[in-house]
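Take a look at the structure set out below.
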Amino acid sequence: MKKTAEEAARTRQDLLDAALGVFSRKGYHATRLVDIAAEAEVTRGAIYHHFGNKAGLYRELLDSASMVGSQIVTEAVQQGGTFIDILQRILVMTFARVENDRRLQDIMALYLFNTDLADELTDIREKVRQESITMIDGIAAQMQMGIDTGQLRPGISAHTYARSFIAYQNGVVDLWLGNPQAFSLTKEGAALADAFLRGFAYQID
């Protein structure tokens, strides 16, 4: 019997959940398709149908994490305020989301700590690299607007601002993922953002 669209979507999500669980426990390289299929209680054929292969599952997980970041930026901008307000809001919202979203935590930890340099991931790593370049360019364009409006110091290039912002955000998250008991991203998020952004702005009220 042909599956309905709803059933297919549920199977697809079950496979993603299963893949994330097995990848997190065993690491990418040691995980076999049969492990994921058993976890999701489906056949390997379902994996081939929905994702093509193990790398396809992995890529989909990374994409879902990237979407969270895009949603946060959109929401932060929609709430308005000064340029510095928006930057601070992005950091605070990102930190809180990571601490309170276990799935996002697991995907980030998988990418940072549980993925080896498997040949089958070469194309994915290159795509991530290209997406990173595009993201930095996009952020730099926004940073230039901050420079042009006098909200950021003009002696620093827009791309340096962009790289600094992403490096700080990712560094704090990486530090927390390595030892989440050490501090709270949610409770300290505003202070962490403020401490960093005071180096950007002429003045923050």
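Side chains included, hydrogens not; waters and symmetry mates left out as well; all remaining heavy atoms used. Position 1 is the first residue of the sequence, and the numbers go up from there.
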message = Within the 3.5 Å criterion, strictly below it, is a donor on Glu126 or Gln130 matched to an acceptor on the partner's side chain?
response = yes

inquiry  = By the definition side-chain contact (heavy atoms from CB on, under 4.5 Å), identify the one residue from Val172, Leu104, Val68, Thr186 that meets it with Val98.
reply    = Leu104

request  = Show your reasoning for whether side-chain contact (heavy atoms from CB on, under 4.5 Å) applies to Leu175 and Phe183.
outcome  = CA-CA 10 Å; Leu175 185 68; Phe183 65 101; 4.2 Å; yes

Considering all heavy atoms, the nearest [X]-[Y] contact:
X: Phe165; Y: Met143; answer: CB-CE, 3.8 Å
X: Leu185; Y: Glu99; answer: N-OE1, 3.0 Å
X: Ile86; Y: Gly81; answer: CD1-O, 4.1 Å
X: Ile84; Y: Leu197; answer: O-CD1, 4.0 Å
X: Asn53; Y: Gly56; answer: OD1-N, 2.8 Å

query = Of all residues at least two apart in sequence or in a different chain, which pass the salt bridge (charged side-chain N to carboxylate O under 4.0 Å, His left out) check with Arg32?
reply = Asp35

query = Excluding sequence neighbours, so at least two apart, what forms salt bridge (charged side-chain N to carboxylate O under 4.0 Å, His left out) with Glu6?
reply = Arg10

Spatial distance of atom [atom1] ([X]) from atom [atom2] ([Y]) [nearest 0.5 Å]:
X: Leu91; Y: Phe196; atom1: CG; atom2: CZ; result: 7.0 Å
X: Ile139; Y: Ile166; atom1: CD1; atom2: CD1; result: 3.5 Å
X: Gln142; Y: Ile90; atom1: CD; atom2: CD1; result: 8.5 Å
X: Thr115; Y: Ile124; atom1: OG1; atom2: CD1; result: 9.5 Å
X: Gln71; Y: Met93; atom1: CD; atom2: CE; result: 10.0 Å
X: Arg12; Y: Leu57; atom1: CZ; atom2: CG; result: 8.5 Å

Quick check: do [X] and [Y] have side-chain heavy atoms less than 4.5 Å from each other?
X: Gln144; Y: Tyr161; value: no
X: Phe23; Y: Ile36; value: yes
X: Tyr28; Y: Asn114; value: no

SB check Asp123 Lys127 (cutoff 4.0 Å) = no

message = Regarding Glu39 and Arg25, does a basic nitrogen lie under 4.0 Å from an acidic carboxylate oxygen?
response = yes

Under 3.5 Å, side chain of [X] to main-chain N/O of [Y], donor-acceptor pair present?
X: Asp194; Y: Ala190; answer: no
X: Arg89; Y: Ala76; answer: yes
X: Arg97; Y: Gly69; answer: no
X: Ser132; Y: Val128; answer: no

Check the hydrophobic clustering (I, L, V, M, F, W, Y; side-chain heavy atoms under 4.5 Å; chains of links allowed) and say if [X] and [Y] are grouped together.
X: Val42; Y: Val34; value: no
X: Val77; Y: Val92; value: no
X: Phe51; Y: Tyr48; value: yes
X: Leu112; Y: Ile107; value: yes

Can you sort out the partners of [X] under side-chain hydrogen bond (donor to acceptor under 3.5 Å, both in side chains), two or more places apart, ordered by chain and number?
X: Arg59; answer: Asp63, Glu131
X: Tyr168; answer: none
X: Asp106; answer: Arg102

Quick one: side chains of residues 13-21, donor-acceptor pairs under 3.5 Å with protein atoms, not counting sequence neighbours, listed by atom name and distance.
| from | atom 1 | to | atom 2 | distance (Å) |
| --- | --- | --- | --- | --- |
| Gln13 | NE2 | Asp17 | OD1 | 3.0 |
| Asp17 | OD1 | Arg103 | NH1 | 2.6 |

query = Please walk me through it: do Phe113 and Met108 pass side-chain contact (heavy atoms from CB on, under 4.5 Å)?
reply = CA-CA 8 Å; Phe113 310 128; Met108 297 183 76; over 6 Å; no

inquiry  = If you apply the rule side-chain contact (heavy atoms from CB on, under 4.5 Å), what do you find for Gln79 with Asp85, and how did you get there?
reply    = CA-CA 10 Å; Gln79 290 182 27; Asp85 290 337; over 6 Å; no

inquiry  = Would you say NZ of Lys187 has more than 12 non-hydrogen atoms from neighbouring residues, nucleotides or ligands within 6.0 angstrom?
reply    = no

query = For His159, does the NE2 atom have more than 12 heavy-atom neighbours from other residues, nucleotides or ligands under 6.0 Å away?
reply = yes

